[in-house]
Peer 1: 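My structure is below; once you've seen it, I'll send some questions.
Atoms within a ligand are numbered from 1 in the order they appear, just like the ligands themselves. Hydrogens, waters and symmetry mates are skipped; everything else that's a heavy atom, side chains included, is used. Computed from a predicted model, the values in this text were never measured in an experiment.
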Amino acid sequence: MSQTKLVSPEELARQDEYAALLHEYWIARRQEPPRAFVHTYGCQGNEADSERLRGLLARCGFGFCNSAEEADLALFNTCAVREHAEDRVFGNVGRLKGLRQTRGLRIALCGCMVQQAHVAEKLRRSFPFVDLVFGTHALHRLPELLYQMYAGGRRVFEIADTPGEIAEGLPLRRDSAFKAWLPIMYGCDNFCSYCVVPLVRGRERSRAPEVLLEEARGLVAAGYKEITLLGQNVNSYRSGDYDFPRLLRELDAIEGDFWLRFMTSHPKDCSPALLETMAAGRHIARHLHLPVQCGSDRVLAAMNRGYTQAQYLALAALAREYMPDLRMTSDIIVGFPGETYEEFRETLTLVDAVGYASLFTFLYSPREGTRAAAMPDPVPHAEKVRWFQELTALQEAKAAAGCAALPGKILRLLCETPGKRQALAGRSEGSQMVEFDGPTELIGQFVHVRVTKARGWLLDGERILQESPCPQGMGAIKHTP
Ligand code: SAH
Ligand code: SF4
């Protein structure tokens, strides 16, 4: 892992000066503070970045609104992992061209997709109505870039790569008052052959444990009920004497009633020490997202994943030995270049053997600059779609069979949102969504629910009153008498 450099206090102070200059700019133009619409594509890491972007915008005097139509500035935080996310960004931005002309809407794009030189070039040439483009390394410089755009009256492009930096102490506007993202590291050093992340997010760098522990203590004190630690490969977290299990243990020692989650765990770095820490944890959710990607050893090697099917299955078995009630989820890519149907069937065998609670399934799509993009890819798209459907059908049947065993059991849920079938929806420690009736004041609270019905993977329940927030591993499934 490369050395972590902090963005200097002088640089952060310089950005505060730009924020102050923007305030003066609004005042000089006798302008109401402008309103920003921030739209996020992609993963939780992007959502966490958007919370910092909103914090910085607020510091620059912006208010917020929920659509580009009402906004003075539309900021799209983009994703490069999924192809359709890229198409959607171009489509959505194209549709705003009219608002740029009629109302002077300013349009800005940032994040992984625009960090790629070919995308920035396409925006520069073919999207002249886009005002501001900045990559993942320039997030903390948003005040300066906005000032250049507004006061300088020019288009601003900033996608330079500044390796190994972390900006601490940025202002944050969190989306939720009870669920928090806590990025513990940035970047990735793994270079899986299909993946663009290392190219757009740079090398792995970890945040200091003192900073993370302080932030987590603050979140628990502020009443947050769930903290999700984020990183592309949390198992390679390292800062001084701290590895990931040690960081997790110290976070788990914080007093309070909350769940700790983390993602993503790379199987090649998932150690018995981590499983032991999870099993002994008071707050650590018994849920492991352990992306396998595929079941064939040849394809796994071509993907540069660093493990075999047998090693993965042994790891999954060990995890269940430590935690018999563990729920596992995974990511799978269907149709990697050169994958044959026989090799794909090994993925089906693996999925059947592990018994995942749910899967995130992706059709392979080539990403410019990755090694896989240059590999021969003879299988027709329609054929890959058939495989994809076969996998989805298997997983749906497995998940439904798992859910069919739940009626009568009691789950502890974090009540998250209004439901679709019933008043409320909550998520269990193992990430099962259950709907139930109750007052909206329960949103953001832990509740106990007895599962009454399972239809496929849709679960309904009824709320029961039950004390004791942490029965052996908080949300552990308990059998009713
Ligand atoms: N760091 C995480 C995942 C990051 S990307 C890990 O290693 O597990 C999230 C998921 O997107 C990946 O797990 C993979 O399944 C999928 N993905 C990434 N690149 C892809 C591509 N080129 N085509 C299809 N799916 C891809
Ligand atoms: Fe991409 Fe692999 Fe890194 Fe995950 S571990 S972000 S899939 S390169």
Peer 1: Quick test: of every protein heavy atom, which one is nearest to atom 3 (C) of ligand 1, and how far off is it to 0.1 Å?
Peer 2: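 Here the nearest protein heavy atom works out to Gln232 OE1, 3.8 Å.
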Peer 1: Look at the N, O or S atoms of Cys195, main chain and side chain alike, and state whether any lies under 2.8 Å from atom 1 (Fe) of ligand 2.
Peer 2: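 Under 2.8 Å: Cys195 contacts atom 1 (Fe) of ligand 2 through an N, O or S atom.
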Peer 1: Does atom CG of Asp331 have more than 12 heavy-atom neighbours from other groups under 6.0 Å away?
Peer 2: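 More than 12 within 6.0 Å, yes.
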Peer 1: Among protein heavy atoms, which lies nearest atom 23 (N) of ligand 1, and at what distance?
Peer 2: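 The protein heavy atom lying closest is Ser365 N, 3.0 Å.
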Peer 1: Around atom 6 (C) of ligand 1, find the nearest protein heavy atom and jot down its residue, atom name and distance.
Peer 2: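 Atom 6 (C) of ligand 1 sits closest to the protein heavy atom Thr264 CG2, 3.8 Å.
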Peer 1: Which protein heavy atom lies closest to atom 15 (O) of ligand 1, and at what distance to 0.1 Å?
Peer 2: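 Of the protein heavy atoms, Gln293 OE1, 2.7 Å lies nearest.
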Peer 1: Considering only protein heavy atoms, which is closest to atom 20 (C) of ligand 1, and at what distance to one decimal place?
Peer 2: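 Scanning the protein heavy atoms, the shortest distance from atom 20 (C) of ligand 1 goes to Tyr194 CD1, 3.7 Å.
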Peer 1: Tell me the closest heavy-atom pair linking Glu368 and Leu199, and the distance in Å.
Peer 2: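 Closest pair (atom of Glu368, atom of Leu199, distance): O-CD1, 4.1 Å.
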Peer 1: Taking all non-hydrogen atoms of both residues, which atom of Val81 and which atom of Val197 are closest, and how far apart?
Peer 2: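 That closest heavy-atom pairing would be CG2-CG2, 3.7 Å.
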Peer 1: Among Glu429, Gln44, His283, Glu226, exactly one meets side chain to side chain donor-acceptor pair (under 3.5 Å) together with Arg261. Which residue is that?
Peer 2: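 Exactly one option meets the side chain to side chain donor-acceptor pair (under 3.5 Å) with Arg261, and it is Glu226.
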Peer 1: Short list, please: which atoms of ligand 1 are under 4.0 Å from a heavy atom of Tyr364?
Peer 2: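 Result: 23 (N), 24 (C).
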Peer 1: Which option, Pro291, Ala373, Ser330, owns the non-hydrogen atom nearest atom 8 (O) of ligand 1?
Peer 2: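 Among Pro291, Ala373, Ser330, the closest heavy atom to atom 8 (O) of ligand 1 belongs to Pro291.
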Peer 1: Which protein non-hydrogen atom lies closest to atom 9 (C) of ligand 1, naming both residue and atom, and how far is it?
Peer 2: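 Answer, as residue, atom name and distance: Asp331 OD2, 3.8 Å.
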Peer 1: Does Phe360, at its CZ atom, have more than 12 non-hydrogen atoms belonging to other residues, nucleotides or ligands within less than 6.0 Å?
Peer 2: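 Open.
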Peer 1: Looking only at protein heavy atoms, identify the closest one to atom 7 (O) of ligand 1 and say how far it is in Å.
Peer 2: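 Looking only at protein heavy atoms, the one closest to atom 7 (O) of ligand 1 is Arg305 NH1, 3.4 Å.
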Peer 1: Distance to the ring centre below 6.0 angstrom and angle to the axis at most 45 degrees; does that hold for Lys122 and Phe90?
Peer 2: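 So Lys122 does make the cation-pi contact.
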Peer 1: Is there an N/O/S atom in His266 at a distance below 2.8 Å from atom 2 (Fe) of ligand 2?
Peer 2: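 No - counting backbone and side chain alike, His266 has no N, O or S atom under 2.8 Å.
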Peer 1: Do side-chain atoms of Ser193 reach the backbone of Ala372 as a donor and acceptor pair under 3.5 angstrom?
Peer 2: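 Not confirmed, Ser193 side chain does not pair with Ala372 backbone.
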Peer 1: Let me know which of Val130, Val114, Leu96 forms a side chain to side chain contact (heavy atoms under 4.5 Å, CB included) with Phe76.
Peer 2: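 Of all the options given, the one that passes is Leu96.
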Peer 1: What protein heavy atom sits nearest atom 7 (S) of ligand 2, and how far away is it?
Peer 2: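 For atom 7 (S) of ligand 2, the nearest protein heavy atom comes out as Tyr194 OH, 3.3 Å.
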Peer 1: From the options Arg386, Glu339, Lys384, Glu383, select the one residue that forms a side chain to side chain contact (heavy atoms under 4.5 Å, CB included) with Phe344.
Peer 2: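 Going through the options one by one, the only one that passes is Glu339.
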Peer 1: Checking a contact table here: which protein heavy atom is nearest atom 3 (Fe) of ligand 2, and how many Å away?
Peer 2: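 Ranked first by proximity to atom 3 (Fe) of ligand 2 is Cys188 SG, 2.2 Å.
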Peer 1: In terms of residue, atom name and distance, what is the protein heavy atom nearest to atom 25 (N) of ligand 1?
Peer 2: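 Here the closest protein heavy atom is Phe362 CB, 3.4 Å.
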Peer 1: Nearest protein heavy atom to atom 2 (Fe) of ligand 2, by residue and atom, and its distance?
Peer 2: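 Atom 2 (Fe) of ligand 2 sits closest to the protein heavy atom Cys192 SG, 2.3 Å.
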